[in-house]
Amino acid sequence: QVQLVESGGGSVQVGGSLRLSCVASGYSYNRRCMGWFRQAPGKGREAVATTYTAGSHTDYNDAVKGRFTISQDNAKNTVYLQMNSLKPEDTAMYYCAADPGAYCWAQARDPGYEYKYWGQGTQVTVSS
């Protein structure tokens, strides 16, 4: 079993920054893939970024490339999402998720695949 606890959301103005944190517990094998997803009101959930915790490979949604950075601190069992140059369209509930799979980004983008473990979410609101 894996438990995930997110923090760091909030309200910022356009161009601002936030850093989300996701503290994970449980067997590391079950969270080889860690990802951030988001869901805006009235829209479906989309993958934002993933990282392979057994290595360092990361992937990003084109909409956030160059602005967001996913990173991990294995000693703290924590994955971060640094979000810079925030835009109103980044407003959403952000979820941390974990999976024992190995194809982190492909599985995150696959509508037929669901990451196995999810956090409760943290709200990010960007206002102009």
Side-chain angles (χ1 to χ4, degrees):
Q1 194 67 282
V2 173
Q3 291 187 323
L4 305 170
V5 179
E6 305 106 327
S7 62
S11 297
V12 295
Q13 293 190 324
V14 169
S17 298
L18 283 173
R19 188 177 79 159
L20 306 183
S21 299
C22 174
V23 179
S25 62
Y27 189 35
S28 59
Y29 178 86
N30 287 331
R31 41 188 172 89
R32 290 193 301 178
C33 288
M34 294 288 293
W36 287 97
F37 297 74
R38 66 186 181 186
Q39 186 165 17
K43 295 187 177 181
R45 189 172 63 202
E46 66 174 352
V48 176
T50 59
T51 184
Y52 182 63
T53 59
S56 60
H57 185 75
T58 59
D59 286 286
Y60 296 91
N61 187 311
D62 286 345
V64 306
K65 277 182 181 175
R67 300 189 298 121
F68 290 13
T69 303
I70 188 170
S71 62
Q72 59 192 42
D73 184 335
N74 289 338
K76 296 182 178 180
N77 292 330
T78 302
V79 173
Y80 303 98
L81 186 68
Q82 178 66 45
M83 305 186 294
N84 298 328
S85 302
L86 283 160
K87 304 176 181 180
E89 52 264 42
D90 295 318
T91 295
M93 183 70 78
Y94 283 71
Y95 298 91
C96 175
D99 193 85
Y103 303 101
C104 304
W105 186 242
Q107 289 167 335
R109 294 293 305 273
D110 184 351
Y113 191 91
E114 178 92 350
Y115 266 44
K116 190 169 183 178
Y117 304 101
W118 292 84
Q120 80 286 355
T122 186
Q123 178 68 38
V124 172
T125 302
V126 185
S127 58
S128 56

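Only a predicted model underlies this, so the values are computations on that prediction, with no experimental measurement involved.
Side chain of Q120 to backbone of V5: no donor-acceptor contact under 3.5 angstrom is found. Remark: side-chain polar atoms of T53 are paired, donor with acceptor, to backbone N or O of R31 under 3.5 angstrom. In this structure, E6 contributes its side chain and G121 its backbone to a donor-acceptor pair below 3.5 Å. A donor-acceptor pair under 3.5 Å links the side-chain atoms of Y115 to the main chain of C104, judged by distance alone.
The structure places NE2 of H57 at 10.0 Å from SG of C33, a figure rounded to the nearest 0.5 Å. Distance check, rounded to the nearest 0.5 Å: CD of Q72 to OG1 of T78 gives 10.5 Å. Taken from NZ in K43 to OG1 in T91, the straight-line distance is 10.0 Å, to the nearest 0.5 Å.
When all heavy atoms of A47 and F37 are compared, the pair lying nearest together is CA-CD2, 3.6 Å. Residues A92 and Q123 share a closest heavy-atom pair of O-NE2, 3.3 Å. Of all non-hydrogen atoms in S17 and S85, the two that sit nearest each other are OG-N, 4.3 Å. Shown here for A63 and R38, the closest heavy-atom pair between the two residues is CB-NH2, 4.1 Å. Here the closest heavy-atom approach between residue G9 and residue T122 is recorded as N-OG1, 3.1 Å.
With salt bridges taken as basic N to acidic carboxylate O contacts below 4.0 Å, none links D59 and R109.
Legend: residues meeting side-chain contact (heavy atoms from CB on, under 4.5 Å) with Q13, ordered by chain and number and at least two apart, are S127. Remark: Y52 engages no residue in a ring-ring contact (aromatic ring centres under 6.0 Å, His included) (not counting sequence neighbours).
Q3 CD: 12 or fewer foreign heavy atoms inside a 6.0 Å radius. By the neighbour-count criterion of 12 heavy atoms within 6.0 Å, atom CD of Q1 is sparsely surrounded, having that number or fewer from other residues, nucleotides or ligands.
Looking at heavy atoms from C-beta onward, Q82 lies out of side-chain contact with S71 at the 4.5 angstrom threshold. In this structure, E114 and R45 have side chains that are in contact, with non-hydrogen atoms separated by less than 4.5 Å.
W118 and M93 fall within the same hydrophobic cluster, where Ile, Leu, Val, Met, Phe, Trp and Tyr residues are linked whenever their side-chain heavy atoms come under 4.5 Å apart, directly or through other members.
Hydrophobic clustering, defined by side-chain heavy atoms of Ile, Leu, Val, Met, Phe, Trp and Tyr closer than 4.5 Å, groups L81 together with V2, L4, V12, V14, L18, L20, M34, W36, V48, Y60, V64, F68, I70, V79, M83, L86, Y94, Y117, V124, V126.
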>> Is there a salt bridge (charged side-chain N to carboxylate O under 4.0 Å, His left out) between D62 and K65? Walk through the geometry before answering.
In response: CA-CA 5 Å; D62 286 345; K65 277 182 181 175; 3.1 Å; yes
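Under 3.5 Å, the side chains of D110 and Y103 contain no donor-acceptor pair of N or O atoms.
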